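Single-structure report; data block below.
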Amino acid sequence: MAFDYEKYLRMERMPHMWCPGCGIGIVVKAMLRAIEKMGWSQDDVAVVSGIGCTSRTPGYLDFNTLHTTHGRALAFATGLKLARPDKHVIVISGDGDAAAIGGNHFLHACRRNIDITLIVVNNYIYGMTGGQASPTTPFGMRASTAPYGAVDPAMDICQVAIAAGATYVARGTVAQGLLLERYILNGLKHKGFSVIEAMSDCPVQYGRRNRMSSAVEMIQWIRDHGVPVTRAKELPPEELEGKFVTGELHVAERPEYTEEYRRLIEKAQKAAEGAHG
Amino acid sequence: MAFDYEKYLRMERMPHMWCPGCGIGIVVKAMLRAIEKMGWSQDDVAVVSGIGCTSRTPGYLDFNTLHTTHGRALAFATGLKLARPDKHVIVISGDGDAAAIGGNHFLHACRRNIDITLIVVNNYIYGMTGGQASPTTPFGMRASTAPYGAVDPAMDICQVAIAAGATYVARGTVAQGLLLERYILNGLKHKGFSVIEAMSDCPVQYGRRNRMSSAVEMIQWIRDHGVPVTRAKELPPEELEGKFVTGELHVAERPEYTEEYRRLIEKAQKAAEGAHG
Amino acid sequence: MKHYELRFGGVGGQGVILAGAILAEAAVIYDGLYAVQSPTYTAQVRGGATKVDVIISDRPVIYPRATEIDFFLALAQRSYDVFHHQLKDGGIVLVDETLVTRVDEDRYRVLRVPITDLAEREIGRVVVVNAISLGLTVGITGVVSRRAIEQAVAARAPKGTVDMNLKALNLGFEQAARLGFPVEERTEEAV
Amino acid sequence: MKHYELRFGGVGGQGVILAGAILAEAAVIYDGLYAVQSPTYTAQVRGGATKVDVIISDRPVIYPRATEIDFFLALAQRSYDVFHHQLKDGGIVLVDETLVTRVDEDRYRVLRVPITDLAEREIGRVVVVNAISLGLTVGITGVVSRRAIEQAVAARAPKGTVDMNLKALNLGFEQAARLGFPVEERTEEAV
Amino acid sequence: MAKEVRLWEGNHLVAEAAILAGCRFFAGYPITPSSEIAEYMAVRLPQVGGTFIQMEDEIASMGAIIGASLAGVKSMTATSGPGFSLKQENLGYACMAEIPVVVVDVMRGGPSTGLPTHPSQMDVMQARWGTHGDHWIIALAPAFIHEIFWATVRAFNLSEKLRIPVILLLDEILAHMHEGFRLPDSSEIEIVDRAKPTVPPDRYFPYDESQGDVPPLAAFFSGYRFNITGLNHDKSGFPTTNPEIIQRDMERQRRKIERHLDEILWWDEHELEGAELAVIAYGSIGRSAHAAVDRARALGIRAGLFRPITLWPFPEKRVAALAEQVRTILVPEMNMGQLVLEVERVAAGRCDVVPLGKVGGIPIDPPEILEAIKARV
Amino acid sequence: MAKEVRLWEGNHLVAEAAILAGCRFFAGYPITPSSEIAEYMAVRLPQVGGTFIQMEDEIASMGAIIGASLAGVKSMTATSGPGFSLKQENLGYACMAEIPVVVVDVMRGGPSTGLPTHPSQMDVMQARWGTHGDHWIIALAPAFIHEIFWATVRAFNLSEKLRIPVILLLDEILAHMHEGFRLPDSSEIEIVDRAKPTVPPDRYFPYDESQGDVPPLAAFFSGYRFNITGLNHDKSGFPTTNPEIIQRDMERQRRKIERHLDEILWWDEHELEGAELAVIAYGSIGRSAHAAVDRARALGIRAGLFRPITLWPFPEKRVAALAEQVRTILVPEMNMGQLVLEVERVAAGRCDVVPLGKVGGIPIDPPEILEAIKARV
Amino acid sequence: MAETRVQEGKAAGAVEQPSPGKSLPRIEVIADFCKGCEICVVMCPRNVLEMRADPSRWVGSVVAVVRPEACTRCMLCEVHCPDFAIKVF
Amino acid sequence: MAETRVQEGKAAGAVEQPSPGKSLPRIEVIADFCKGCEICVVMCPRNVLEMRADPSRWVGSVVAVVRPEACTRCMLCEVHCPDFAIKVF
Ligand SMILES: Cc1ncc(C[n+]2csc(CCOP(=O)(O)OP(=O)(O)O)c2C)c(N)n1
Ligand SMILES: Cc1ncc(C[n+]2csc(CCOP(=O)(O)OP(=O)(O)O)c2C)c(N)n1
Ligand code: SF4
Ligand code: SF4
Ligand code: SF4
Ligand code: SF4
Ligand code: SF4
Ligand code: SF4
Ligand SMILES: [Mg+2]
Ligand SMILES: [Mg+2]
């Protein structure tokens, strides 16, 4: 049965501004279905973003929504979450937002293992500003600032997340919306910092420059270049060259930041009382 | 035979400002011995730093020396290296400088694999500003901003470097100056971005707060908590809890950034000539 | 003194801004006039209303935006609505009649051409809407010479599309003639 | 009107800044006077010259730095050299005689005590240099009451070191007496 | 219960005052000479159930306090020059989104790394103009220990009342000096909390002019679901590019300041009656000037002191009147001439305006100011 | 060989002019409406053997160009409001260390994310005061296409000559408009390179006052080994806390500007002779004002235009003289009143100074300015 | 068009046969939202959907439901429509 | 003090016996640089060095060479002196 997206949409702001075939909408839908499954009240959820096409998401959603500055969504979200650890904070970022200018906040949110879910819509490009290279633009691919092909190797956002300490890390694609939903759902359920990277298409700014001018072509490319983690383990490295691994890449248990802080408060208050008494 | 450090020191600025027993000096010496082994002319070497006790290093050394802003040494160094790819650029940073405020530049220097050698003096603390917690302060340890013990887990700088794409990553300690020298030397030889983390002591700001008030105690602690990578591979994870792994943790070959850029220039110039002809 | 202010309005992706640049190039490079092309973006991504002003003069252009517009080409209703205000009373409004339906007839002289339909029907490619529009614009206003606009269009046309674009440009001139504006003689050495 | 300006100078790590705070606390909390303690750091890490000004007055202190110093305690030559300039002519300079050897005898009234040696010899801990210095300072200047400085020292002394510090303070008073400054009667209920 | 007089370090008192003013969230990144504020907060905030977090940098700290404030928790950060520069982008966000926050900048020698452990007053213009784009901001520069306390409380109150970031400007002298102060009882402190919406959620708009120049700000998670953005927005908080809406919105923001000048402006006057020369000085140099004026008066020189505590908005009217009264205004500052520019502007030629700038990390002491006074009368 | 007239986009011409001025390094981070500068550089720099790099953020971009410049390569970055805020800390470093760099800020609506695709002139005060600490800076705001070209060349030349960061302020209109321009031949362009040391390495000091107000800057790796720091430093570039040295150093930096005002200041005057009212406007609004003045004159109104291209340092003397001449100065700007404050200061009450600020992303057109002129004469 | 099909595998457990007990699927297209991207068309494993040119729209086309009877309610079209423009009941 | 010894293992290949052919080691202490941290003392595998109190220094002590004849020139003291204060020839 059709999912009731309207419940979560600010219908007066629809249709949204994303280009025809842009994958962001697919990710947002997966996220909304996952939230519905969590059974959370809309009042208890905040959706936070930076700047970029992806980061326009909050404006369409009927939650507590916060559209911050480029790259800084996790910083704002950290304050929000610490102020109300009992509420749910979801951050949605583009690849540039999360991994270029926002790289440092990303690293440290992972390290703290704060109970926030980060969804990165990785479309290999700066969509909003007109197709400049992003840290995930694959080597040799074109962008408006990489007219001769990118000479910087692409960053593997999930690997960095794992190394930095995130405790739930998964990668899905817009070619597989239901799997993506499942990863987001598991991320939301997870206590700790969870990262879901959604490989997505930007036909207008990335596809067009790289001989995939339609969304369908790009989504196909994405489908063809994802290797499920179970299969990836069996493949020799050469065969993974130029591909990306999908699935739940890392799940771990580590103390969660706001809970640790709650414990710290108890400790401090006990010590202070002790000092008085 | 005594090493001729004076050759590389600005003797008129000595003695240096570091506290008695501070490990930074040990790292600097290892670095100077490694540079000597490279046989480089001092005119061809730049030493770049950010801000912090460690970052005071350049001021004492007779190279082209650049003391930049907090966390940004790698950004300045990237410009310097790209302007003169034929010269040698070494960056020396504290743990806060490299991994807190400088985290993003660290990530992206690793990703680009630019031929710079980064030495991180990890003393678990912000030395210069008076003992505040750093991203490497171990969980539960005290700092002036962690009076109840750190609730943030520590970052593993080397693991992040590897995940982000650095191609030579090693960890040494100030308890083993000769090994440290060897890692730095291998880092300098390596074509690509190399990271050498030197576990070091700050008796004044870290030790004092954590029941190791003398340099000797801290250096002992460091010696006792390092596990050589060969041995670490054989140990169960529990036994590595609270320890750090030393040795050459990662060595890989990947295209180096300035060389790729040189190729790009050739390509662009050929294309432009083609367009004219 | 020749001083002519034109505005092209459309939505992001239609390419009116490029069309404005080509017209300005025709004026500056090929006719030796002064010109400014000055675009306005109202949204960062596709689908927002955009406009471009082109001011052509035989003296240096001081203010780079149009304030008393002689000619307004509107390829989208939204764009017409937002951007027509600075048109002179009695100024010419040329609209794509399938896309723009509500126009202030009392104030302006309104010309209607099914530009997009023509592009599809006659040339078979929607992208040539701009070339047709340029033909129409120059045909109607005579603001630059036919030869200049032909050269400018040819110089900007992507490889392999020069003929198609010149054909479309010509179609524009024909449409202008159909609306009663005289056709300048064709320059054959254009390419 | 009582208005007294003191300066303690040393190098980073010696704790003169804390000593200044204790003296100011004695004045403010225990003697009900006004006081400002105002430190200067010349380097961020150990070993640099540091100073602290303490201004004690029976009226609110306006300018928080000393400008006409009555009393200067110098525990390091470097500190003396850098910081003695604002001392009044004829003002008192108290130096640790093993650490500070060159003093402007003509301008100031110079008092010499081997404070660090005393700390080691008599108390067995260098850290009490500050407590001895405070005893000397108060003994010489009488700027706060003996009782006040005792209370202030006791309140600030780390757990388990109160007695040691009070002993050192007393040693300072004794040294002051030795230099010819009258000893205020001992307050026993200090702790 | 009346508290005892204690010796307070300026930085510590800022932190304690913040807590008394209701601050329950602090995010910061250490930097000399402001670090003691963070360190004090790290100890104290958890004791009162609040949260201290050391972020990865100043940018993140600024973002975090805006996030926390949006959840209804009064928030603060503290920094010094280099960090203040880094906070500018997100500070502008707080201006645009009208989120109450307090930012302490303890001024040290600059520019760049400058003189980290020495005082300056070099960030005065940056406090007004540091972020890009038009914006309004309040900056307070207290001088005495009690003013540090009350300025901190007032910073929170103004911030809450006007939905505006308030900058507290200290200099290193004030930050590190210790002075006696008795903490007031909470009953002695007036605390202002931001207005909460009175309308039901479906009629709530976070920038609704019809609710006054300062529309109420609902807290996130309080049942009012709305949108906040750093883009220009309409009354509902959604992006707009409508020029009229934007113009009106900016004018309302300016009005927030203009209509509340009475509450915002705060200054001290000393010996201005009959003065022929006025010294305008603030922060620790305000104290130096006070002492200098006393000495001048003792010499029979008709000098007086105008000591603004609110630097931004600048007390234009009062200074204009002063310029009418005196022949000379002398402006000593620990910089190469910053606030003096504003004094010149406001004096508008009515009297001579003389800068007395000094850099290098040492304060301008009373004798120096006295000299300058003497040279001008 | 004389080049042909071409239609140039403002942003592209900045980039091409930079290359002609000798720029061989560009580091940037995309942001509307400045991105075309980076995109053009990405194509063109490698063609001339230079280097373009897209950094991870604006902070890194600013750092990278300082690094490259220190290696002797002329360097530039370009950004818009939010990115300009982020560059401030390292911009201050360039001031302190006196490293020549050119920073382009294409102004869009602000504050914060504001109106990314619409013009403003809201960063004018930030260009002067955005970083912490005392510093001096040059900011140029061209208005016509040829001025964009020559201002870019001049930005590099001044930067090299004075060892100072130069800000090129465009607004979105100028950045995106296309206008005809013939690129000059390189023989027509005067190019200034920073002075190289004439002393041997052991007698070289990068801040040696005895070498003049602008001591030569050796390139890294050129055999001169020296130290550069953002701390206050002595003549050799090593940290110092000596107040006298610092005061002298700062004064020398100020002198760099004061003694070269003739070369730095650049403005255009139009119909000022006999004017009773002067309009002061810059950038695209300078063009609007020009048109408005023409219309006013046509109506017999004695209005004139003063159009500063150098905004910082502000052409104080000329404006003061103008204030003496006219009854009113009108200052239209696409902001809520920024440069007008400086005009007020300099006018010092000699005439009325009337702001005409407007925000919302649409320019102030000639009719609006004409209206304002009429209302005032 | 077979080669452009992008399908989500069974792994996601979503592709089902129409169950006889239930009523026929109803597929709703919100034409105002549809941007004609064709994703739903290629996602559909049953060729239920097709693109239809519509020059009156700036995007040029809109989706049309051409074989509703073949629909298995697998939801892949709905899940992958980026524009919230198609609903399967 | 044995328990405070911090030694770099043979792995580094640095600990050697004094070679009889060479002249006796000369150990130079630059007293002005020595900050009395004791690191060289605990690093030395041959107990060649010792700390000596020196109250005239703000750091309170300075290193002294007490058994030069035992030195193997292993360089561990020099390598680990953070203050460039000890040299072994
Ligand atoms: C400080 C700052 N720098 C740059 C920008 C310009 N900017 C806006 S979005 C963006 C990148 C968008 O790319 P990404 O994060 O991948 O999001 P997408 O649009 O692709 O979804 C940039 C560079 C900005 N708004 N702020
Ligand atoms: C932008 C900015 N923020 C903060 C500081 C203050 N600061 C100087 S050094 C430092 C940290 C030093 O720690 P680390 O990098 O670990 O170096 P260490 O002193 O321990 O060698 C900090 C926070 C600064 N100078 N600039
Ligand atoms: S530009 Fe790319 S990312 Fe942005 S909306 Fe369009 S397709 Fe999506
Ligand atoms: S504070 Fe720590 S890191 Fe800094 S010099 Fe002292 S011991 Fe070394
Ligand atoms: S639900 Fe959609 S995708 Fe699935 S069969 Fe029906 S029309 Fe096709
Ligand atoms: S996927 Fe959605 S937007 Fe795309 S064609 Fe189908 S219904 Fe239309
Ligand atoms: S070289 Fe140094 S460490 Fe080695 S034996 Fe000799 S004195 Fe000891
Ligand atoms: S290691 Fe160096 S500084 Fe430390 S005691 Fe030995 S010689 Fe002195
Ligand atoms: Mg992207
Ligand atoms: Mg450290």
Side-chain angles (χ1 to χ4, degrees), chain A residues 17 49-53 55-56 58-59 66-73 75-76 93-107 124-137 139 141-155 157 160 205-206 209, chain F residues 9 11-12 15 26-64 77-89 106 108-117 172 175-176:
Chain A
M17 46 102 72
S49 70
I51 299 289
C53 292
S55 293
R56 284 301 194 103
L66 180 56
H67 180 230
T68 71
T69 46
H70 187 38
R72 317 301 175 188
F76 285 70
S93 265
D95 43 323
D97 204 47
I101 193 168
N104 206 26
H105 315 302
F106 176 60
L107 268 185
Y124 306 101
I125 203 87
Y126 291 178
M128 174 151 279
T129 42
Q132 296 84 10
S134 103
T136 60
T137 304
F139 189 86
M141 301 305 265
R142 272 161 218 275
S144 68
T145 48
Y148 307 103
V151 289
D152 323 30
M155 176 182 292
I157 291 177
V160 172
Q205 299 294 2
Y206 181 76
R209 285 186 173 82
Chain F
E9 188 197 66
N11 274 343
H12 288 171
F26 181 97
Y29 189 79
I31 184 164
T32 306
S34 77
S35 300
E36 293 83 6
I37 299 177
E39 291 166 353
Y40 189 97
M41 284 300 208
V43 174
R44 279 287 282 147
L45 270 177
Q47 291 176 352
V48 297
T51 303
F52 163 87
I53 185 170
Q54 183 175 318
M55 296 296 286
E56 52 273 21
D57 59 24
E58 288 88 350
I59 298 172
S61 311
M62 190 67 216
T77 188
T79 191
S80 297
F84 196 45
S85 286
L86 289 172
K87 286 184 200 289
Q88 291 300 333
E89 191 201 3
V106 180
R108 65 188 216 183
S112 195
T113 316
L115 278 176
T117 57
E172 187 272 344
H176 283 157

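Quick caveat, the model's predicted, so the values are computed rather than measured. Each chain gets a letter, A, B and so on, in the order the sequences are listed, and its residues count up from 1.
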Interatomic distance, F/Ile59 atom CD1 to A/Asn104 atom CG [nearest 0.5 angstrom]: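 Output value for this atom pair is 9.0 Å.
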**Report entry** Value rounded to 0.5 Å, distance of NE2 in A/His70 from CD in F/Glu58
**Finding:**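 Rounded to the nearest 0.5 Å, the NE2-CD separation comes to 7.0 Å.
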task: Using the test salt bridge (charged side-chain N to carboxylate O under 4.0 Å, His left out), find all partners of F/Glu172 that sit at least two apart in sequence or belong to another chain.
output: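 Scan of F/Glu172 (salt bridge (charged side-chain N to carboxylate O under 4.0 Å, His left out), adjacent residues dropped) gives C/Arg65.
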*Test salt bridge (charged side-chain N to carboxylate O under 4.0 Å, His left out) applied to F/Glu89 - qualifying residues, sequence neighbours left out*: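 Counting only residues at least two positions away or on another chain, F/Glu89 forms no salt bridge (charged side-chain N to carboxylate O under 4.0 Å, His left out).
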Search all heavy atoms of [X] against all heavy atoms of [Y] and return the closest pair with its distance.
{"X": "A/Thr129", "Y": "F/Ile31", "answer": "CG2-CA, 4.4 Å"}
{"X": "A/Ser144", "Y": "F/Ala42", "answer": "O-CB, 4.4 Å"}
{"X": "F/Ser35", "Y": "A/Gln132", "answer": "CB-NE2, 3.5 Å"}
{"X": "A/Gly96", "Y": "F/Tyr29", "answer": "O-OH, 4.0 Å"}

#### Entry: Among the listed options A/Ala100, A/Ala146, A/Ser134, A/Gly102, the residue most often paired with chain F at heavy-atom distances under 4.5 Å
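Top count of heavy-atom pairs under 4.5 Å with chain F: A/Ala100.
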> How about residues 45-53 of chain F versus chain A: which residues have heavy atoms under 4.5 Å apart?
Replying inline: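 So far as heavy atoms go, F/Pro46, F/Gln47, F/Phe52 are the residues that approach chain A to under 4.5 Å.
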Result of checking F/Pro82, F/Ser112, F/Ser85 against A/Thr69 for side-chain contact (heavy atoms from CB on, under 4.5 Å):
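Passing option: F/Ser112.
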Handout entry: F/Gln54 (side chain) donor-acceptor with A/Thr145 (main chain) under 3.5 angstrom
Key =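 Between the backbone of A/Thr145 and the side chain of F/Gln54 there is no qualifying donor-acceptor contact (under 3.5 Å).
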- Query: Mind checking what makes side chain to side chain donor-acceptor pair (under 3.5 Å) contact with F/Thr77, not counting sequence neighbours?
  - Reply: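 F/Thr77: side chain to side chain donor-acceptor pair (under 3.5 Å) contacts with F/Lys87.
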